[in-house]
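Working notes, structure below.
Numbering of ligands and ligand atoms starts at 1, following listing order. Computed from a prediction, not measured in an experiment: that's the story for all the values here. This chain uses plain numbering: 1 for the first residue, then up along the sequence.
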Amino acid sequence: MKKEPFSPFDTVVIGSGAAGLTAALGLAAHQKVCVLQKESAQHGATPYAQGGIAAVLDSEDSTEKHVADTTQAGAFLCESEAVYFAASKGPDAVKWLIDLGVPFTRAGEQFHLTQEGGHSHRRIIHADDATGSAVHKVLLEKAQTHPNITLMQKCLAFDLEKDPNDPKRVVGVRVLNEVNQQVEVLLCHAVIIATGGASHVYQYSTNPGHATGDGMAIAAKAGCSLMNLEFNQFHPTTLFHQKARSYLLTEAIRGEGGVLKNIHGKRFMEGVHPQLELAPRDIVARAIHLEIKKTQHPCVYLDISHKDPKFVQKHFPTIYETLLNCDLDLTREAIPVVPAAHYTCGGIRVDLDGRTDLVNVYAIGEVACTGLHGANRMASNSLLECLVFAKAASEAILKSVPPDFGEICVQNEKQSDLQDEDLPFLNALKSRVQSVMWNEVGIVRNNAGLSLAVLALENELAAIADYHKHHIRSARSIEVENLSLVSLLMAKSAMERKESRGLHFNEDHPELGEVKFHSVVTLKGMRAEYDEVALKL
Ligand SMILES: Cc1cc2nc3c(=O)[nH]c(=O)nc-3n(C[C@H](O)[C@H](O)[C@H](O)COP(=O)(O)OP(=O)(O)OC[C@H]3O[C@@H](n4cnc5c(N)ncnc54)[C@H](O)[C@@H]3O)c2cc1C
């Protein structure tokens, strides 16, 4: 143990997606900032975003309309202040990206605006069908060349270091640095958690592998509350194939006449919704889920083979090619599809500045719950949320008075063995958690399934905690623990909601409840039960 002066960083940002990089760039004019990435710079959901960013950019559109659409999509559970905040600050956030050089698609003199489900107006600015990648490239380039920003790759944050004199403050972030094989404490005056969502708690997900809910687990262990964790968005049609698992098959295929069939060739959306295959996403996802259960077949089929092959190839060239690589021909056969977890609406509870329950800890982007999305996210509001709340958090940090921590005692540990010799055990545990979440806390839930899930997830959490008593932590084992903990908190939150609203559908409570509420869960509330297992790290 040695006493150390403060590290060169004022703020540590955990995560380098749209949210983390935006905040870092906002801070770096005045501060030294460290940005952590658990893998490489490309690791995260942001580069995957296809559609675009929602903002009021047309003179016929208005903040009020954006607010109304978001609120309706969110099943009236949105926090009105957060919705107004995001909608009203959207145009400036987009202008900032344009000024930075993001090459948004143009239509003549203007930027092209597209429309997506739930929006009553054209308000999605985009860079072809690869908006996230275009935005991320520019933000990353700016961050990489900024003298006040240090980007650290292969640094997995797993805990916050509390101020010994004030339990409401932290003095740094504990990271597993795979480059120098050390567990280090990065001291700082403020922490921003921007680690993205937790869609990998489910067996099938459109997200890259980073989405294991790390930030939510870190915050929960440090005493922060998490909100609305039961609301997980599923995309209805992703490819069910080993070579390209959960590859997104855009809604436009159904828009151009594609139909959904079960294994027996029956169109099952008939009688489910008047709009058939073009019903709202949560309804289509639910119908597919029920069909899979009913037929006991692992997928359903998306069929557009009745259309002219030239039309199909012209409209969906990338998808057509990707499917050919999987030996599937979109023009000639029905394609196996399943819904997949896409977006985590709940997360660390924050205010309009992104502030958590801890004084100098902020959370932004998909990891946070601002109240913007309520019970269901409207398309393209998530990148907007990343930008607007990252800016607010960086401004709040710059306004705050940095705490005087004096000298701090830290202990860096040599991480001698990063080999995962127990990979089969960890993989099996992760698969069991994902399977419980998929089957019992997925698209359709019921009381008995949720109770079973809580019991099963408690056991899995106990198993990984026990593993950590006897083994050196590795990036993989920490992720598995995080995933197990967040899954359990999600199952608990789902049990609390005895109604069906937005993305949460419980067969035993199929109606909307009379009272609107946010579910809030803390580890402290469960401390008696989980002290032994969850708080061990
Ligand atoms: C296929 C797909 C399409 C989408 N399309 C759209 C769209 O069109 N419009 C829209 O608005 N949204 C879209 N979304 C959602 C949107 O992309 C995400 O919500 C958003 O990019 C999240 O950004 P973020 O900065 O919060 O997190 P991410 O971009 O996910 O970044 C998280 C970062 O945290 C790091 N990290 C995670 N854990 C740790 C840890 N323990 N230690 C250190 N670093 C860590 C990761 O390495 C990564 O750098 C889409 C998502 C997907 C998957």
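- Contact detail for I149 and A143: the closest heavy-atom pair is CB-O, 3.7 Å.
- In the displayed structure, K65 atom NZ is contacted under 6.0 Å by more than 12 heavy atoms of other residues, nucleotides or ligands.
- H342 and S205 share no donor-acceptor pair across their side chains, judged by distance under 3.5 Å alone.
- Within 4.0 Å of ligand 1, contacts by protein heavy atoms are made from I14, G15, S16, G17, A18, A19, L36, Q37, K38, H43, G44, A45, T46, Y48, A49, Q50, G51, G52, C155, L156, A157, A194, T195, G196, T206, N207, H210, D214, L248, H342, Y343, G365, E366, R377, S380, S382, L383, C386.
- Cation-pi geometry between R106 and F111 is met: the NZ or CZ atom falls under 6.0 Å from the ring centre, inside 45° of the normal.
- Salt bridge annotation for K430-E460: absent, with no cationic side-chain nitrogen under 4.0 angstrom from a carboxylate oxygen.
- No hydrogens or angles considered: a donor-acceptor pair under 3.5 Å links the side chains of Y202 and N232.
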